[in-house]
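Everything below concerns the one structure shown next.
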There are 2 protein chains.
Amino acid sequence: MSIQDIIVKLKEHGYKITPQRQEIINVMAQENRHMTVEDIHGKISARFPSLSVDTVYRNVGVLERLNMLDRTDFGDGTGRYKLVENGSHRHHLICLNCGCSEEVDFCPLDYIDQQQIKDKNFAIARHNFEIFGYCARCSKKEE
Amino acid sequence: MSIQDIIVKLKEHGYKITPQRQEIINVMAQENRHMTVEDIHGKISARFPSLSVDTVYRNVGVLERLNMLDRTDFGDGTGRYKLVENGSHRHHLICLNCGCSEEVDFCPLDYIDQQQIKDKNFAIARHNFEIFGYCARCSKKEE
DNA sequence: TTGTTAATTAAGAATAATTCCTGTTTAGGA
DNA sequence: TCCTAAACAGGAATTATTCTTAATTAACAA
């Protein structure tokens with residue numbers, strides 16, 4: 001999904017394209033990784049000193065609601081945000097020592113018995129799944 | 001795992017059995033569900049008015065480190081704790097409307113390609129997996 | 001039974017992510 | 001150019017959790 005596509009979708013839903021919003025999208029598209037609000041704010045505030053954290057929170061909220069952004073908690077209670085194709089998502093291996101993360105090509109919802117859940121009349125909206133442990137580098141140091 | 005077993009294991013690891021610690025274990029064993037620190041503190045503070053929240057946090061921390069307690073975040077950023085058999089855990093269907101939860105008999109680690117992860121030299125320590133959506137009751141109301 | 005000591009505790013301050021509030025500014029359509 | 005709903009900045013408020021400090025106590029040994 002290009003920056004242009006994101007802008008179009010925002011306009012379609014009646015959102016205005018402010019310089020702040022544009023910059024937030026630019027930075028996230030450029031970095032293409034899970035960023036904290038602090039990361040995003042930091043990247044922008046050099047050029048845009050008055051940007052408030054609240055504006056970053058507000059905008060990742062908008063993008064998340066339109067399914068253009070994935071929010072993941074890497075286990076420290078801090079939200080991490082990344083632009084994604086419509087509603088798509090990935091799960092991760094997350095290092096408890098250095099905090100690095102790596103995507104895995106597996107989603108538990110492809111393996112769980114969905115029928116069993118439907119039988120309970122539970123309507124799935126979303127899910128989380130992250131694996132925590134120690135990456136190759138940090139495992140090695142440990143020895 | 002009985003309360004006695006828990007006490008024995010605590011003693012084995014050099015922990016003292018204080019009345020506060022005993023009460024926290026009693027309440028959690030009695031309720032046998034995922035409780036917030038506030039839940040636990042509330043249940044006890046009637047009989048034990050001076051119990052501090054810090055003591056509850058400290059004790060669930062001890063129990064977690066000894067693999068006798070599972071900490072789960074039901075999506076609101078608040079820890080929820082439940083006594084469990086040694087290191088065992090369950091995943092849940094969690095209602096975004098009423099907050100109720102139901103265990104599911106499925107763990108993604110039984111299905112993911114573990115070899116692929118070992119090949120990356122990643123050492124798994126723990127994982128999370130929770131499904132969010134709307135329970136039968138709340139889905140019905142919606143209509 | 002009493003003394004010793006490391007573990008534990010209470011109380012409140014500190015921290016940190018996120019949300020809320022208020023008054024001001026502005027994007028985009030008329 | 002004007003109008004108005006949306007968006008903004010700045011800072012206060014909220015909330016889960018951790019930290020600090022001084023006092024208390026469980027467990028063990030003499």
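In the text below, chain A, chain B and the rest are named by the order of the sequence lines, each starting its count at 1.
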Taking only side-chain nitrogens and oxygens of [X], does any of them come within less than 4.0 Å of OP1 or OP2 of [N]?
X: B:Asn59; N: C:dT8; value: no
X: B:Arg58; N: C:dT9; value: yes
X: B:Gln20; N: C:dA10; value: yes
X: B:Tyr57; N: D:dT18; value: no
X: A:Ser52; N: D:dC8; value: no
X: A:Arg80; N: C:dA17; value: no

Between [atom2] of [N] and [atom1] of [X], the distance in whole Å:
X: B:Gln22; N: D:dT25; atom1: CD; atom2: C1'; result: 16 Å
X: B:Ile7; N: D:dA27; atom1: CD1; atom2: P; result: 9 Å
X: A:Asp73; N: C:dT18; atom1: CG; atom2: C1'; result: 13 Å
X: A:Glu64; N: C:dT18; atom1: CD; atom2: P; result: 11 Å
X: A:Glu23; N: C:dA27; atom1: CD; atom2: C1'; result: 17 Å

Over 12 foreign heavy atoms within 6.0 Å of [atom1], [X]:
X: B:Gln30; atom1: CD; result: no
X: B:Glu38; atom1: CD; result: no
X: B:Asp105; atom1: CG; result: no

Exercise for the section: Would you please indicate if the ring centroids of A:His34 and A:Tyr81 are separated by under 6.0 Å? Expected result: no
Practice task
Verify whether the ring centers belonging to B:Phe106 and B:Tyr111 lie closer than 6.0 Å.
Solution key: yes
Handout entry: Modelled atom types, side-chain donor and acceptor of A:Asn26 and A:Glu23, under 3.5 Å
Key = yes
Fill in the blank from the handout: Residues of residues 30-51 of chain A with a heavy atom under 4.0 Å from any atom of DNA chain D, listed by number, are A:Ser50, A:Leu51
Completion exercise
Of C:dT9, C:dG12, D:dT17, the nucleotide closest to the side chain of B:Asp54 is C:dG12
Completion exercise
Testing D:dA27, C:dA27, C:dT9 for proximity to the side chain of B:Ile17, the answer is D:dA27
Exercise for the section: Classify the angle between the aromatic ring planes of B:His89 and B:His127 as parallel (below 30°), tilted (30 to 60°) or perpendicular (above 60°). Expected result: perpendicular
Table of protein N/O atoms under 3.5 Å from nucleotides 3-6 of chain D N/O atoms:
unit_1: D:dA5; atom_1: N3; unit_2: A:Lys16; atom_2: NZ; d: 3.0

Problem - Side-chain donor/acceptor of A:Lys82 to backbone N/O of A:Arg71, under 3.5 Å - result: no
Exercise for the section: Kindly say whether A:Phe129 contributes a backbone atom to a donor-acceptor pair with the side chain of A:His91 at under 3.5 angstrom? Expected result: yes
Fill in the blank from the handout: The residue, B:Lys11 or B:Gly79, whose nearest nucleotide of DNA chain D is more 5′ is B:Gly79
